[in-house]
Structures are given as structure tokens and as C-alpha cells.
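Notes follow once the structure below has been shown.
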Amino acid sequence: MPIKYLLREDQIPRHWYNILADLKSPPAPVLHPGTKKPVTPQDLAPLFPMSIIEQEMSAQREVPIPDEVRHALALWRPSPLYRAERFEKAIGTRSHVYYKYEGVSPPGSHKPNTAVAQAYYNAKEGVKRMATETGAGQWGSALAFAGALFGLKVTVYMVRISFEQKPYRRSMMHAWGAEVFPSPTDRTNAGRSILAKDPRSNGSLGIAISEAVEDAATHDDTKYSLGSVLNHVLLHQTVIGQEAQEQMKMAGEYPDVVIACHGGGSNFSGIALPFARDKINGKKVRLVASEPTSCPSLTKGVYTFDFGDTVGMTPLVKMHTLGHDFMPPGIHAGGLRYHGAAPLVSKLLDEGLIEAVAYPQRACFEAAVTFSRSEGIIPAPESSHAIKATVEEARKADAEGRTRVILFNLSGHGHFDLAAYDQYFAGKLEDFEYPREAVERSIANLPRVEL
Ligand SMILES: *Cc1c(COP(=O)(O)O)cnc(C)c1O
């Protein structure tokens, strides 16, 4: 029995799959933060190139992938699909476990799938520089890499605490030629206003987003770039699921359940949406998003209009949200700390096309360690939530006396997250359940929207 299922370079998908074309009802509009009216392409033009804005609003089912983007993707794609034979033995299941491994990209996660596409469209429209934010550095390093491929300058606002505590992702961004600033900086009004109140601020993703957006909005040659949540980002990630469909055919199986971890929703959508298309067309398959109990936007969030950032500068989008003033608990090791879920994932959950589960971090690390000791790959802490959900699906199937075919997305490796593994081994990690009352308090402060 093969361990790996590999595709040829010419089997890199030729289009992205846009599930907007197959939804039962159109998605809720994105609202201008001031007027509360639907945003127009012109509203977004200072921030994104027009081709990206068109993709964000498009309902075209199959969007062709430009040759230049396929050529860049070919540096690491198609990514391998593995049969996790040793892991199956380690957890003692009769189910068949497959995983798609996105850690083979140069930055080590699925994120460059969209970074290279975004860099391509920006370069094509004459943009000289892209500004973005990064927390732990995965997205910043993916965009730095993509900028290097397409001759674009990249400016990264990196949350100060990560800038100081996680130096190696910063080093990667420098190696790929990006400039990286610890946020809050004195380069923007947003940063200066925070520093005036607290000169030693640790920063947050919300503040860094505000800085990157302001940088792009105030420079003609600069656009903003986001690594998850938005429709066009999810669209670019669908190469994952399309490849996995071909690879599952090679294995002669079709998954009963497809699983991925969920932060903003991009790697989950990447693997799940092509299977969701099958499901809409009558196939039986379950699609499960796995999130941390400390940041449970899908399982405890409210489906309503909220801002994308902390400060309230971005448009209002309808999504499962914990409230934009959500503060992730400091004890949490991994990523997956965004207050909202992708609007598209939120809609699919609302329509019952997908499911969501939540697990505490220690159980996820435990599953990740079992995985490392059987399959070899040390997973990113984010990806460990998919592994934990896989273990639970396998256990349920075993209890029912069934053999289930389980496919999960291993979104990245954990080579730059080993400090988190150290903390886990030292018994220093704590589990945390984000309380429902905190969600309710936060939701009560949301802007009223009447449509
Ligand atoms: C960023 C990241 C995630 C979470 O983001 P999504 O948009 O939910 O996919 C998950 N895994 C890895 C390895 C990441 O770098």
C-alpha cells in the first residue's frame, strides 16, 4: 500500500473553485463602516488591486489560475497526500486516515497558496509595495516570500510581543527581503495613538491590521494584503482540495469526513470547499472545522455583522464572531486567535453544509505528539486541532464498529513553534474555555445594522 500519493506538476489545478456560484442564497453584503450601506468596488480600491476586488465579489464558478501563478505554485505544488498508516496503528483505529500536507511550501504552511496569487495581481496592476500585518509570523513570511518572487516590496507590521519573542519568523522575512516593524510603530497615526497611551504596548493583531491598512491607504504605490477570512483568499486555497480529490481517486477511496483546523477559515475552505461542491451535487461527505475552545468563533460565536479589526476601521461583515474586542487568553500557545470566522464559512455553517467542533489545547498537543512519533512530521500547533478532531472521529467510528475514511489537512509544520512544544512538555500550558457571557457582553456592544 503506498504511503504517499503524488501528482505531476501538470496536474496543478487550472482554476480555483468559487462556491459562491453554488450557494442556496446570496451572501450578506459587506457594509461600509460609516454609512452601513453595501461597499462598492470604489470603496475598496485604495486597499486592493481591482482584479482582487473583482474576485472578492465574483460568483463565477471556476476562476482560471494565471500561468504565472501556477508556475510559482509549482515550486512546491502539488503537495503530497499521505496515508497515515503508522498513525492509525498508534491510535488503534480501523478507520483509514489520509492527510494532505501543506508544510512542504518554502514558508512551511498553506498560506503561500494565496500569497503568490495576491503578489501576482498586485505586480500586474503596477503596485510597488504590499503592506500587511502578522501575529506569530506565518502570514508575514508567506507574503515576504511571494513578494520576492514577483519583485514587490513587502512591509510587515508584526505584533511587538511576537517580534521580540519569535525572532526566527522575522529572520525569514528579512531573508526574503521584507521590512518588518514591531507594531505599534510611530510610522502611522494608529500606532502613534496607541504609543501615546502606552509606550510599552505589546501590540495586538487588531492594532497591526489598523497600521497596515493605514499604510496602504496613505501611499499611492502601496496596497494592503490579508492572509485569511476574505472570499478571494479562500478561493485561492481551493487548489488544496482539488488536488486531494485527485489523490483520493488514486487511493481508490472517497472520504466520509474531511477535517481541518479553523482560525480565519482559509485552510479549512481550501480542503473542504471542493468536497462541499460534491456534497451540493449529492455526494455524502461531512465537513468538519476544528477550533480551539479558547477562541471558539464557530461553536460559540454569534452570526451577525461585526468589524474585521479591533479599532473598527474595516467594513462590517456578517460572520460568526466573538466580538471585535475579543482578547485571546495569553496562556494559549498556538495561532487561531482571530475573533471572527470567514463570512463564507459562517454562511456554510448557518446553512448546515459544514460542522464545527472545539478542543482545548493540551488534548491537541497530545494528539500532535502521537502524530509526530508515528508519522514523523511535527505539526504546527494550529494543525494539531485537525489531528485531535481526526482522533475523535476515528474513536467514534470504532465505537460504532465502522471503518470510516477520514481526510484531514495538515496545514503546516511546527518547526518555528517548538517553544510551544517545550511549554507543553514542561506542563506549563493551560486549557481555557472562552465563556459564553464574555461573548454576550461583547456582542451587546456591536453596531446596529438594519438591512
Ligand atoms: C495561519 C495558519 C492557520 C490558521 O489560518 P486559517 O485561515 O484558518 O487557515 C492554520 N494553520 C497554519 C499552519 C497557519 O499558518
Side-chain angles (χ1 to χ4, degrees), residues 76 79 99-115 118 132-145 158-159 162 166 169 172-173 205 225-241 258-273 287-292 294-298 301 308 319-320 328 332-346 348-349 354 356 358 361 364 368 371 377-389 408-418 420:
W76 72 96
S79 68
Y99 60 98
K100 180 79 168 152
Y101 184 41
E102 290 295 310
V104 292
S105 75
S109 77
H110 65 288
K111 289 196 170 78
N113 295 331
T114 182
Q118 293 191 40
T132 197
E133 70 286 335
T134 199
Q138 284 132 321
W139 170 243
S141 54
L143 197 68
F145 159 68
M158 185 172 188
V159 176
S162 299
K166 301 193 173 163
R169 285 265 168 207
M172 288 173 91
M173 292 183 249
L205 206 51
S225 170
L226 199 65
S228 187
V229 179
L230 299 181
N231 295 349
H232 69 271
V233 179
L234 277 43
L235 177 78
H236 297 157
Q237 292 293 353
T238 57
V239 291
I240 303 173
V258 177
I259 298 172
C261 69
H262 187 280
S266 74
N267 91 89
F268 170 74
S269 299
I271 195 156
L273 295 186
L287 309 166
V288 178
S290 181
E291 63 182 7
S294 59
C295 185
S297 56
L298 291 173
M319 59 182 175
H320 284 82
H332 201 260
L336 312 181
R337 298 187 194 199
Y338 187 61
H339 66 273
L344 202 46
V345 173
S346 297
L348 297 179
L349 183 65
I354 66 163
Q361 63 176 344
C364 295
F371 184 84
I377 298 165
I378 300 173
E382 293 88 344
S383 317
S384 73
H385 294 76
I387 302 176
K388 174 62 181 163
F408 79 86
N409 195 34
L410 185 52
S411 52
H413 65 62
H415 297 180
F416 297 93
D417 304 288
L418 291 171

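The figures that follow rest on heavy atoms only: side chains count, while hydrogens, waters and symmetry mates do not. Ligands are counted one by one from 1 in listed order, and the atoms in each one are counted from 1 as well. The chain is numbered in sequence order, starting from 1.
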- Using the test salt bridge (Lys or Arg N to Asp or Glu O under 4.0 Å), find all partners of E102 that sit at least two apart in sequence or belong to another chain. R77
- Note on the structure: Residues passing the ring pair (Phe, Tyr, Trp, His ring centres under 6.0 Å) test with H110, sequence neighbours excluded, are none
- Message: So, using ring pair (Phe, Tyr, Trp, His ring centres under 6.0 Å) as the criterion, who are the partners of H232 when residues are at least two apart?
- Response: F48, H236
- Query: F371 vs Y99 aromatic rings, parallel, tilted or perpendicular, using cut-offs 30° and 60°?
  - Reply: perpendicular
- Can you tell me if S225 and Q118 form a side-chain donor-acceptor pair at under 3.5 Å? yes
- Message: Has E382 got a side-chain atom pairing as donor or acceptor with C261's backbone, closer than 3.5 angstrom?
- Response: no
For ligand 1, what N or O to protein N or O distances fall under 3.5 Å?
{"from": "ligand 1", "atom 1": "7 (O)", "to": "S228", "atom 2": "OG", "distance (Å)": "2.5"}
{"from": "ligand 1", "atom 1": "7 (O)", "to": "G265", "atom 2": "N", "distance (Å)": "3.4"}
{"from": "ligand 1", "atom 1": "7 (O)", "to": "S266", "atom 2": "N", "distance (Å)": "2.9"}
{"from": "ligand 1", "atom 1": "7 (O)", "to": "S266", "atom 2": "OG", "distance (Å)": "2.7"}
{"from": "ligand 1", "atom 1": "8 (O)", "to": "G263", "atom 2": "N", "distance (Å)": "2.7"}
{"from": "ligand 1", "atom 1": "8 (O)", "to": "G264", "atom 2": "N", "distance (Å)": "3.0"}
{"from": "ligand 1", "atom 1": "8 (O)", "to": "G265", "atom 2": "N", "distance (Å)": "2.9"}
{"from": "ligand 1", "atom 1": "9 (O)", "to": "H110", "atom 2": "NE2", "distance (Å)": "3.1"}
{"from": "ligand 1", "atom 1": "9 (O)", "to": "S266", "atom 2": "OG", "distance (Å)": "3.2"}
{"from": "ligand 1", "atom 1": "9 (O)", "to": "N267", "atom 2": "N", "distance (Å)": "2.8"}
{"from": "ligand 1", "atom 1": "9 (O)", "to": "N267", "atom 2": "ND2", "distance (Å)": "2.8"}
{"from": "ligand 1", "atom 1": "11 (N)", "to": "S411", "atom 2": "OG", "distance (Å)": "2.7"}
{"from": "ligand 1", "atom 1": "15 (O)", "to": "K111", "atom 2": "NZ", "distance (Å)": "2.6"}
{"from": "ligand 1", "atom 1": "15 (O)", "to": "Q138", "atom 2": "NE2", "distance (Å)": "3.2"}

